[in-house]
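All remarks here apply to the structure that follows.
Every chain is numbered from 1 and lettered A, B, ... according to where its sequence line falls, protein lines coming before strand lines.
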Protein chains: 2
Amino acid sequence: MAGIEEVAKLAGVSTATVSRALSGKAHVSAKAQDKVERAAAELGYVASSSAYGMATGKTRTIGVVVPFVDRWFFSAVLESAETKMRQHGYDLTLYNISGGEDQRKRIFDEFLLRKRVDAVFTCAIKFGDAELKNLNRTKKPILGIGGTVSGARTISIDDVAAAALATDHLLALGHKKIAMIGGHPASEMEFQQPNMRRRGYDQALERAGIEPNEAWYLPADFTIKGGYHAAKQLLGDPRGVPTAIFCASDEMGFGTIMAAKDLGLRVPEDVSVIGIDNHDMSEFFGLSTISQNVRELTEHAVDRLIKIIEGFKDGDPINIEENEEWPIELIVRATTARPASSRR
Amino acid sequence: MAGIEEVAKLAGVSTATVSRALSGKAHVSAKAQDKVERAAAELGYVASSSAYGMATGKTRTIGVVVPFVDRWFFSAVLESAETKMRQHGYDLTLYNISGGEDQRKRIFDEFLLRKRVDAVFTCAIKFGDAELKNLNRTKKPILGIGGTVSGARTISIDDVAAAALATDHLLALGHKKIAMIGGHPASEMEFQQPNMRRRGYDQALERAGIEPNEAWYLPADFTIKGGYHAAKQLLGDPRGVPTAIFCASDEMGFGTIMAAKDLGLRVPEDVSVIGIDNHDMSEFFGLSTISQNVRELTEHAVDRLIKIIEGFKDGDPINIEENEEWPIELIVRATTARPASSRR
DNA sequence: CTGAAAGCGCTTACAG
DNA sequence: CTGAAAGCGCTTACAG
């Protein structure tokens, strides 16, 4: 509870000197520096962030907006973001949109605007025009990952290319009957990933001269359970079964592997499976996948955002539309192989 | 960027009246109320939280400290806590301890103290004496879940009883050869759960006149992978195999189910499995479990903490040691049944 | 290098 | 019910 005044008194200097010594922003004589540090330590002084915020207009807090927190992808983002922000001396405040329209509105109209945050970091969030305008009006830089967003900076993989790469991997192994378990067109991810990943799959097939089979695109919800159910339908169909399944997320890939096993099918002998994400458990499942290195992506994005905040000069545009493409990587493990028909 | 001054000007009243009208803390004439509301809406005014914090000493932010965020239990806590806090008009700032000693020290010595938060909500965190003292000195109320903590309020299940209940369920079905997959004694959970759950298991067996078999307690790390590996060792041992396995977490239960299947064993015909948590995927796996209703527990705990903050009177002790026991519930699903030997 | 003082934008006793 | 003014605890031009 000790304030700067008490530290100044104990150190025998003015509050200005205390502030300067502790912030390191201006030179202070070695002697004064020492006295201040001793006094601060003795009193256990830590500057009040509200007062700091008043005086500087900075909160040293970044708002992170996510659609879910209890799904692996988002929790990995959250964990990496927190660690990186902490390193830079920033706090992370969490805004979770999953509570529906009301919660979302409250967050955008009230919380995010209340000068609580210096910037906004979003993951798989698409802004409404009004939301973006408000954020711009209050001079909040935005950086998004997990898809591009109009009017803001983003760092994102090329989802079309990622899906095409996964599909091409299966094609190159000799598969011709390739199904896809993807997302619902207008899904709660509120984002274009499902559509883009489907497009990549379609394009890859078409390039290989294969007509995409409508019945072999199954929408699910990106969870293990969703993948399991979809895969059961696909693999249990007596009228014809694919030899490979591309899943738009690794979690759906896990579900697909389990479904295959439960049907008595062997992976990859009877059916190949590939996902997208490189989930923490993918190695355990031996799942082939397309990695976007979420953790590094997040760390890179946080660094970038903080650079923007701290390098901001009056007159600079707050937000510009600009996507930095983040590289993807094919990781081949044990769930993809040549189809049985082409073996000898 | 509009300040209270501009609103006052536009509404033709003083800033005091604006503040009162918007906060609703004092009566304001209907006319003034209306003028203020209009003006605020027109200007898109939202009070600065730093200024609010300066004036009131409140931040309306709660610090949430967790050891992990990318594990289901903690992410469920985080999601529920955020939603509940938001409802009360509080922000959640995230403090993740997983980055090791340095990150932890920085959080406790610097961030949590910087008058950034009104209170601290912890999940499965054990404080050091110095940490607790600092928090008390800066008058931060603490509420913990996921285990009791000395010197602070907690809401927590009885872990010994939960483990005993799971074990008793297996015993009641007729199992005598019951193994346990638990935690490492001094685990990264930095908490007593592993030990307490083992104690509950031991006690239940002893009450049933069964001597716990040292070789049948396997430590793992609470993950699916960890559970899988442990279960493989248990179920593959040629010298003798348990008929039931109690896992200290549902995730280890999932791993155990997969291990059994991969060994060609049927669950529950050849081996029964029960966990603790009622994970979101437990229903999908058909896993019998002990539920602690994490989400409701978290919401209840947040309500409680906010009541403490807002009802605080000078002279009240900041933190008192007091545990509220949270009820548990046995949920029997498809992975537990009588042992084969006792069937006919 | 250092200090006195203004100022950041609110809230809230205190008067009226 | 309302307003003038003090005060919250810092930072930072401005002088010296």
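Taking only side-chain atoms of B/Ser48, from C-beta outward, the nucleotide of C/dC1, C/dC10, C/dA4 with the closest atom is C/dC10. Among D/dG9, D/dG3, D/dC8, the nucleotide with an atom closest to any side-chain atom of B/Ala55 is D/dC8. Which of D/dC1, C/dT11, C/dA4 sits closest to the side chain of B/His27 comes down to D/dC1.
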- Tell me, with the steps shown, if B/Asp102 and B/Arg106 meet salt bridge (Lys or Arg N to Asp or Glu O under 4.0 Å). CA-CA 6 Å; B/Asp102 275 7; B/Arg106 234 180 134 195; over 6 Å; no

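Between C/dT2 and A/Ser14, no contact under 4.0 Å exists linking OP1 or OP2 to a side-chain N or O.
When rounded to the nearest whole Å, the span between NZ of B/Lys25 and C1' of D/dC1 equals 18 Å. Taking atom CG on A/Leu22 and atom P on D/dT12, their separation rounds to 13 Å, with Å as the unit. Nucleotide C/dG9 holds its C1' atom 15 Å from the CG atom of B/Leu43, rounded to whole Å. A straight line from CD of B/Glu6 to C1' of C/dC10 spans 14 Å, rounded to a whole angstrom. One atom, CZ of A/Arg20, and another, P of C/dA4, lie 11 Å apart when rounded to the nearest Å. Atom pair B/Met54:CE and C/dC10:C1' shows a separation of 10 Å (rounding to whole Å applied). Atoms CD1 (B/Ile4) and P (D/dG3) sit 12 Å apart, rounded to a whole Å. For the pair A/Glu5 CD and D/dT11 P, the interatomic distance rounds to 13 Å; values are reported in whole Å.
Comparing C/dA13 with C/dG9, their P atoms are spaced 23 Å from each other, to the whole Å.
With hydrogens and angles left out, the side-chain atoms of B/Glu324 and B/His300 include a donor and acceptor closer than 3.5 Å.
Classified by interplanar angle (parallel below 30°, tilted 30° to 60°, perpendicular above 60°), the ring pair A/Phe108/A/Phe127 is perpendicular.
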